[in-house]
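Worth saying up front: this structure is predicted, and the values here are computed from it rather than measured.
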Amino acid sequence: MDIRISLGFGNNENSIAQREFKGKSLLKELDDYVVLDLETTGLDPDYDDIIEMAAIKVENRNIVDQFQSLVNPGYEIDDFITDLTGITNEMLKDAPDVKNVLPQFLSFIGDSVIVAHNANFDINFLYDACGCLKPSTYFKNDFVDTMRLSRRLFVEERHHRLSDLSERFGIKGVVEHRALSDVIKTNQCYDYMKSYAKNSGILFESLYPLHKSGVRASDITATTSEFDETTAIFGKIFVFTGALQRMVRKDAMQLVVNMGGKCGDGVTKDTNYLVLGNNDYCSSIKDGKSSKQKKAEKYKASGRDIEIISENVFYEMLSENG
DNA sequence: TCTCCTCGAGATCT
DNA sequence: CTCGAGGAGA
């Protein structure tokens, strides 16, 4: 049974910015960086501790230095971790503790950009460990996450574990789950993805998310130029609110535009139809009506040419040809 | 149009 | 954590 004491700061709903000085996740091709990996007693930085740290320094694409040390967590580790990593309590018995190893590790890393697989895992452990040093420091290094990189580069692949990447890229090596061997594998994966991107004419910079907001009406253009002018869609302006059941909003907008209709992002005096989707998930809507619906109702009450229709009615309009 | 927010789904680390 | 879907307000 584990009993936790709230210290009044840190991990609760009041602390908005956890690890506020943490570095940024970058998508970059680098020639100079430090690859690192940690082995820990578990997955949660709040309750688990580092038992091994390893890193290599890469300059001009060559490995020029390496660091490896076990870390005594101050208590016995369980069998699961020993089975996973091969690290035993016997091995940790005489290892230095984190206060001794971390400063050396930090000086090895310096200001380098970090490369790591699922980098947030290692960065968070290090960030918290640095906060416990005396004097405490902030682990601010920016980082490149090879898992994120793989997800952006190979969107069609479902899994992006280090083992998946190694297999996919034909990287052989010891299966042992030790920090230094994982560091080497991660570096090889990074190298592979850099050359893959180069050969494919892909810049890592271009892999950042495309848009942070929804589909814009201006993004949708007709894929045809011949319209049936007698349909109920032609020449009308449609606006959508909420999530549609049968298709994503983008596709619905495309159908409208392809029939000679138009779409708007918000309800205006020119809007002819507001199509209601499901907005149950939206916590900011308390009375079941979105701001678009309220506006549409107002326009309708004042005699505008606007109809508020359900998703099903919308599909009926699409299918009935004039 | 632009910027900032919430939410849920999915996956990975030991 | 990251991403995509959507909404609100200026």
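One can place CG of A/Asn118 at 9 Å from P of B/dT12, the figure rounded to the nearest angstrom. In this entry the distance linking CZ of A/Arg178 with P of B/dT14 reads 13 Å, nearest Å. In this structure, A/Gln18 places its CD atom 7 Å from P of C/dC1, rounding to the nearest Å. Rounded to whole Å, the distance from CD1 on A/Ile51 to P on B/dT14 is 11 Å. Across the protein-nucleic acid pair, A/Leu165 atom CG and B/dC13 atom C1' stand 14 Å apart, rounded to whole Å. Whole-Å rounding puts the A/Phe154 CZ to B/dA11 P distance at 18 Å. Put simply, OH on A/Tyr127 is 16 Å from C1' on C/dC1, counting in whole angstrom units. In this structure, A/Phe240 places its CZ atom 14 Å from C1' of C/dG6, rounding to the nearest Å.
Using a 4.0 Å heavy-atom criterion, one finds that A/Thr40 contacts the sugar-phosphate atoms exclusively. Across all strands shown, A/Phe80 has heavy atoms under 4.0 Å from base atoms, whether or not it also approaches the sugar-phosphate. As judged by a 4.0 angstrom heavy-atom cut-off over every strand, A/Asp182 is placed among residues touching the sugar-phosphate backbone only.
Residue A/Thr241 places at least one side-chain N or O closer than 4.0 Å to OP1 or OP2 of C/dG7. For the pair A/His159 and B/dT12, the criterion of a side-chain N or O lying under 4.0 Å from OP1 or OP2 is met. OP1 or OP2 of B/dA11 lies within a sub-4.0 Å distance of a side-chain N or O belonging to A/Arg158. For C/dG4, the OP1/OP2 oxygens have no side-chain nitrogen or oxygen of A/Arg151 closer than 4.0 Å. In this structure, A/Asn120 reaches the C/dT2 phosphate: one of its side-chain N or O atoms is under 4.0 Å from OP1 or OP2. Contact check, A/Arg148 against C/dC3: a side-chain N or O comes under 4.0 Å of OP1 or OP2.
With a cut-off of 3.5 Å on both pairing distances, B/dA11 has no Watson-Crick or G-U wobble partner at all.
Side-chain atoms of A/Thr82 come within 3.5 Å of backbone atoms of A/Ile87 as a donor-acceptor pair (strictly under, hydrogens ignored). A distance-only check finds a donor-acceptor pair linking the side chain of A/Asp145 to the backbone of A/Asn118 [under 3.5 Å].
Candidate nucleotides B/dT12, B/dC13, C/dG4 were compared by shortest atom distance to the side chain of A/Arg152, and C/dG4 ranks first. Side chain of A/Lys22, nearest nucleotide from B/dT14, B/dT12, C/dC1: C/dC1.
A distance below 6.0 Å separates the ring centres of A/Phe105 and A/Phe67.
Between A/Phe169 and A/Tyr192, the angle of the ring planes stays under 30°, which puts this pair in the parallel group of the 30/60° scheme.
Comment: A/Lys198 does not engage A/Glu29 in a salt bridge, judged by the lack of any side-chain N to carboxylate O separation of less than 4.0 angstrom.
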